[in-house]
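Below: the structure, in C-alpha cells.
These values consider heavy atoms only, across backbone and side chains, with no hydrogens, waters or symmetry-generated copies.
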Amino acid sequence: MQSKIPNWLLAVIVFVALLGFSDCVFLFAKGTAGGPIPCFITTGCDTVTTSPYSVLFGIHLYTWGIAYYLSVGFLTLLYWDSKKELFLKLFSLASAGGFIVSMYYMYVQKFILNALCIYCIGSAITSTTLFVLGIVVYRKLRA
C-alpha cells in the first residue's frame with residue numbers, strides 16, 4: 001500500500017516537533033534549576049515564565065509543551081511505522097489545538113503581561129508550523 005504522505009513530510013514534522021520539545025526542555029531545566037532565564041532579543045522571559053499565566057492546572061506550560069511536542073512527534077512516528085491514518089488525523093487535530101493555545105498565550109504575553117519571551121515566541125512559531133503541516137497532512141489524507 002502506497003502512503004499518501006511522503007516520508008520527507010513526516011521527517012519535517014518529527015524535526016519540528018523535536019525543535020519544540022528542545023525549547024520546552026530548556027525552559028524546564030532552567031525553571032527547575034532556578035535563577036534567571038537568559039533572554040536575548042526580548043527582555044521579558046522571567047516576567048512571562050514566572051507569571052500566574054505560566055501555570056495551568058498546577059503544571060508549568062513548558063511541561064505541557066514537552067508533552068504536546070512528544071505527542072505530536074510520537075503520533076507521526078506511529079503513522080510512519082503503521083500507515084494507520086488515524087494517527088495523522090490525531091496529529092492534525094492536536095496541531096490545531098496547539099496553535100489555538102499558542103495564539104492565546106501570545107496574546108497574554110503581548111497585551112496582558114506586556115512582556116515577550118523569546119523561547120515562548122519560538123514555541124509559538126513551532127506550533128504554528130506544526131499546524132500548517134497538519135493542514136497539509138489533512139488535505140493529503142482527504143485527497
Side-chain angles (χ1 to χ4, degrees), residues 1-34 37-42 44-143:
M1 177 175 132
Q2 181 66 23
S3 173
K4 296 178 183 178
I5 310 300
N7 285 340
W8 67 265
L9 181 56
L10 299 172
V12 168
I13 293 169
V14 171
F15 177 75
V16 173
L18 276 172
L19 287 176
F21 173 78
S22 299
D23 181 40
C24 291
V25 166
F26 173 78
L27 288 174
F28 177 83
K30 293 305 270 182
T32 302
I37 294 174
C39 211
F40 59 97
I41 300 174
T42 62
C45 294
D46 283 326
T47 302
V48 172
T49 59
T50 60
S51 80
Y53 293 97
S54 69
V55 176
L56 181 65
F57 303 122
I59 300 172
H60 281 277
L61 290 179
Y62 47 70
T63 306
W64 288 108
I66 289 170
Y68 167 72
Y69 291 117
L70 274 178
S71 297
V72 296
F74 190 62
L75 286 168
T76 305
L77 290 173
L78 283 172
Y79 170 78
W80 205 340
D81 183 55
S82 70
K83 300 301 184 233
K84 292 183 180 174
E85 290 184 3
L86 173 65
F87 295 125
L88 283 186
K89 290 177 183 175
L90 290 172
F91 158 74
S92 295
L93 185 63
S95 71
F99 174 72
I100 291 166
V101 169
S102 286
M103 292 306 101
Y104 169 73
Y105 283 108
M106 287 304 300
Y107 172 84
V108 167
Q109 285 184 75
K110 179 68 176 151
F111 298 106
I112 297 175
L113 299 175
N114 296 311
L116 295 172
C117 168
I118 192 66
Y119 306 102
C120 306
I121 293 168
S123 183
I125 291 168
T126 304
S127 66
T128 301
T129 303
L130 287 171
F131 175 61
V132 170
L133 292 168
I135 292 171
V136 170
V137 163
Y138 183 76
R139 288 185 174 173
K140 285 188 174 291
L141 288 175
R142 291 187 44 118

Taking atom CG of Leu93 and atom OH of Tyr138, what is their separation to the nearest 0.5 Å?
10.0 Å
To the nearest 0.5 Å, how far apart are CZ in Phe57 and OG1 in Thr63?
14.5 Å
Would you please indicate if the ring centroids of Phe91 and Tyr79 are separated by under 6.0 Å?
no
Does atom CZ (Phe28) have a neighbourhood of more than 12 heavy atoms from anything else shown, all under 6.0 Å?
no
For residues 100-114, which side-chain N or O atoms pair as donor and acceptor with protein atoms under 3.5 Å away, sequence neighbours left out?
from, atom 1, to, atom 2, distance (Å)
Ser102, OG, Gly98, O, 3.1
Ser102, OG, Ser127, OG, 2.5
Gln109, OE1, Cys117, N, 2.8

Lys140 side-chain N/O to Lys4 backbone N/O, donor-acceptor pair under 3.5 Å
no
Parallel, tilted or perpendicular for Phe26 and Tyr119, by the 30°/60° rule?
tilted
Within the structure provided, determine whether Ile66 and Leu70 are in side-chain contact (heavy-atom separation under 4.5 Å).
yes
How long is the gap from CD1 on Ile125 to CG on Leu19, to the nearest 0.5 Å?
11.0 Å
Side chains of Asp23 and Thr126 in contact at under 4.5 Å (non-hydrogen atoms):
no
When rounded to the nearest 0.5 Å, the distance separating CG of Leu75 from CG of Leu90 is 5.5 Å
From OG (Ser95) to CG (Leu133), nearest 0.5 Å
8.0 Å
Donor-acceptor pair, Ser54 side chain versus Ser51 backbone, under 3.5 Å?
yes
Any Ile13 side-chain heavy atom under 4.5 Å of Leu130 side chain:
yes
Surrounding OH of Tyr53 (heavy atoms of other residues, nucleotides or ligands, distance under 6.0 Å), is the total greater than 12?
no
Taking Cys45 and Cys120, which are both Cys, do their SG atoms fall under 2.5 Å of each other?
no
Could you give the distance from CG (Leu56) to CG (Leu61), rounded to the nearest 0.5 Å?
6.0 Å
Under 3.5 Å, is there a donor-acceptor pair between the Ser123 and Tyr69 side chains?
yes
Just by modelled atom types, is the Leu10 backbone N or O under 3.5 Å from a matching donor or acceptor in the Trp80 side chain?
no
